[in-house]
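When reading the values below, keep in mind they use all heavy atoms of this one structure, side chains included, and skip hydrogens, waters and symmetry mates.
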Amino acid sequence: MDDLCVAQPHLAETRGVDSPAFVIRQDQAGAGLYTVFEQVFESQWQRGQLL
């Protein structure tokens with residue numbers, strides 16, 4: 001992974017242009033939203049590999 005991601009959280013009632021998209025840069029200290037979205041992505045990726 002690089003140090004930049006575009007993330008769009010799943011909002012059950014909101015789709016498309018109404019759902020916010022975030023451009024997140026990884027913090028060298030490991031704090032912030034990048035780490036959270038990276039963990040969710042890795043978890044979903046591994047789960048998809050099992051199917």
Side-chain angles (χ1 to χ4, degrees):
M1 285 205 182
D2 56 20
D3 67 343
L4 190 66
C5 77
V6 177
Q8 189 171 25
H10 173 74
L11 301 174
E13 300 297 322
T14 307
R15 297 273 196 274
V17 297
D18 292 331
S19 184
F22 304 102
V23 177
I24 306 169
R25 184 171 305 279
Q26 184 177 24
D27 180 62
Q28 296 301 322
L33 288 175
Y34 185 96
T35 304
V36 174
F37 280 101
E38 181 180 39
Q39 290 173 353
V40 171
F41 174 83
E42 290 296 333
S43 171
Q44 295 296 314
W45 184 265
Q46 289 175 5
R47 186 174 162 198
Q49 298 298 312
L50 297 175
L51 298 177

Intermediate values then yes/no, side chain to side chain contact (heavy atoms under 4.5 Å, CB included), Leu4 and Val23 | CA-CA 7 Å; Leu4 190 66; Val23 177; 3.7 Å; yes
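- Side-chain heavy atoms closer than 4.5 Å link hydrophobic residues (I, L, V, M, F, W, Y) into clusters, and following such links, possibly through other members, connects Tyr34 to Phe22.
- Note that CZ of Phe37 and CD of Gln26 are 14.0 Å apart. Values are rounded to the nearest 0.5 Å.
- Within the model, atoms CD of Glu38 and CG of Leu33 stand 12.5 Å from one another, a figure rounded to the nearest 0.5 Å.
- The side chain to side chain contact (heavy atoms under 4.5 Å, CB included) test applied to Gln39 returns Thr35, not counting sequence neighbours.
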